[in-house]
Amino acid sequence: MEALECRKLGDPTIPPDSSQNSPLTVSKSYPIPKLISSTSIRVRINYTSLNYATYLQVLGKYQEKLPPPFVLGSDYSGVVESIGSNVTKFKIGDPVCSSAAKGSFAQFIVAEENELFGVPDGCDLVAAAAIPLAYGTSHQALLHRANLRSGQVLLVLGASGGVGLAAVQIGKICGAIVIAVARGSKKVEFLKSVGADHVVDLSNGGMIKSVKAFLRGKKLKGVDVLYDPVGGKLTKESMKLLNWGAQILIIGFASDEVPLIPANIALVKNWTIHGFYWGNYEAIKAGGIEESVKELLSWLARGLITIHIYHSYKLQEVNLAFLDIKERKVIGKVMITSTSTSTSTSTSRL
């Protein structure tokens, strides 16, 4: 089968197989994975989404380091191609989605039955491939950790990226007042179009003045929940906007800078700081991921959330996808499609 391998750590924006410096190679004869148990399932992958974490993995900067060589990829969707003798929930041909620690940038992947989610009627496969990690992270963090409630003020940093856009949409479903932070007029207009109550354009200066003016206009005291996948300077600035008793969700550090949160201020203002890492959450809260993804797929089928695809690439073009991530061009999700899969009409570059 065709698969994208990371043969060494390095810059993933270099085209695969283009030189000795390229860390990536597209294998045309990678072994098709075999069923490993009576409850395992082989899925023919149609779509897989590219996450910022994958970019960091190839650079060797992610918190969980995978020794090369390995096949890249996490979120995916496709159809059941083969099943073990004791599989009861799925049959050959069923549409499914899931997420894996690695291996989805390929034509096939093997998963256990309890790791897969059936894609309901009303959901296309390209949208389903973007659900588990990005939307699962935001859903679990906002609803199960911060207990976001209707009427609360939610501040989303990095709001145009995968997890950020998911947080904006989920915040609106919960009835929150959503303040989105991004950079550039195109991203600002897009975030307004998906329902953000106020959008801060960082290219016009800092966010403190903009957010405080919005809060005053709405007669609001401050921010109740901070959703932070960015870190760095923005985290420090956000501290000046938080209410007494605010919830802080630490999702990641896209700025490449880990911020220091002043413990003395957290003490006197009764802040609660949550670190949220989706990758090991199932081990901590058994059944949490299944519950979350099923609800998200239900919302997707009912049209409550919309997956916005920035662009779709073939495996051979994956360096362009990584370049979009590196240059922070992406609004929503970047998808990778199998060679045997035609690009969905719902995918378009914004």
Side-chain angles (χ1 to χ4, degrees), residues 41 43 47-49 51 53 74-80 88-90 94-100 104 111-152 154 156 159 161-178 180 194-196 224-225 227 229 247 249 251-252 274-309 332-333 335 346:
I41 294 173
V43 177
Y47 302 97
T48 181
S49 71
N51 296 298
S74 52
D75 296 358
Y76 63 91
S77 66
V79 295
V80 173
T88 59
K89 290 169 57 178
F90 300 101
D94 282 350
V96 293
C97 68
S98 189
S99 184
S104 70
E112 283 298 303
E113 179 179 28
N114 62 4
E115 296 172 343
L116 292 173
F117 304 96
V119 177
D121 293 341
C123 301
D124 67 10
L125 283 177
V126 66
I131 284 287
L133 185 54
Y135 280 77
T137 292
S138 296
H139 183 273
Q140 292 273 9
L142 290 172
L143 273 67
H144 298 285
R145 298 300 295 277
N147 297 309
L148 181 67
R149 302 186 304 277
S150 178
Q152 288 190 314
L154 168 65
V156 181
V163 293
L165 182 54
V168 169
Q169 292 190 64
I170 292 168
K172 292 306 298 178
I173 291 172
C174 294
I177 299 164
V178 178
V194 297
D224 301 300
V225 178
Y227 185 92
Q247 307 280 318
L249 291 164
I251 306 299
H274 307 272
F276 187 85
Y277 175 46
W278 191 89
N280 61 8
Y281 197 64
E282 184 67 17
I284 299 167
K285 186 177 184 295
I289 288 177
E290 180 180 9
E291 173 189 338
S292 177
V293 174
K294 284 184 175 179
E295 181 165 42
L296 286 164
L297 287 169
S298 171
W299 287 355
L300 182 63
R302 292 155 54 197
L304 296 178
I305 56 175
T306 304
I307 310 302
H308 300 274
I309 307 302
K333 296 295 295 179
M335 307 301 291
S346 65

Quiz: residues 167-174 side-chain donor-acceptor pairs under 3.5 angstrom, not counting sequence neighbours:
residue	atom	partner	partner atom	Å
Gln169	OE1	Thr306	N	2.9
Gln169	NE2	Tyr135	OH	2.8
Gln169	NE2	Thr306	O	2.9
Lys172	NZ	Asp197	OD1	3.2
Lys172	NZ	Asp197	OD2	2.9

For [X], give me all partners under side chain to side chain contact (heavy atoms under 4.5 Å, CB included), at least two apart in sequence or on another chain.
X	result
Arg149	Gln152
Ala53	Tyr62
Ala141	Tyr227, Leu249, Ile251, Phe276

Closest non-hydrogen atoms of Ser98 and Leu116, given as atom of the first, atom of the second and distance, are CB-CD2, 3.7 Å

Shortest non-hydrogen contact from Glu113 toward Thr88:
OE2-N, 2.8 Å

Taking side-chain hydrogen bond (donor to acceptor under 3.5 Å, both in side chains) as the definition, give me every residue that meets it alongside [X], ordered by chain and number, with sequence neighbours left out.
X	result
Lys89	none
Glu112	Ser37, Thr39
Asn147	none
Ser74	Asn51

Within the structure provided, determine whether [X] and [Y] are in side-chain contact (heavy-atom separation under 4.5 Å).
X	Y	result
Tyr47	Asp124	no
Leu297	Ile131	yes
Asp224	Ile177	no

Between Thr137 and Leu133, is there a donor-acceptor pair closer than 3.5 Å when you use the side chain of the first and the backbone of the second?
yes

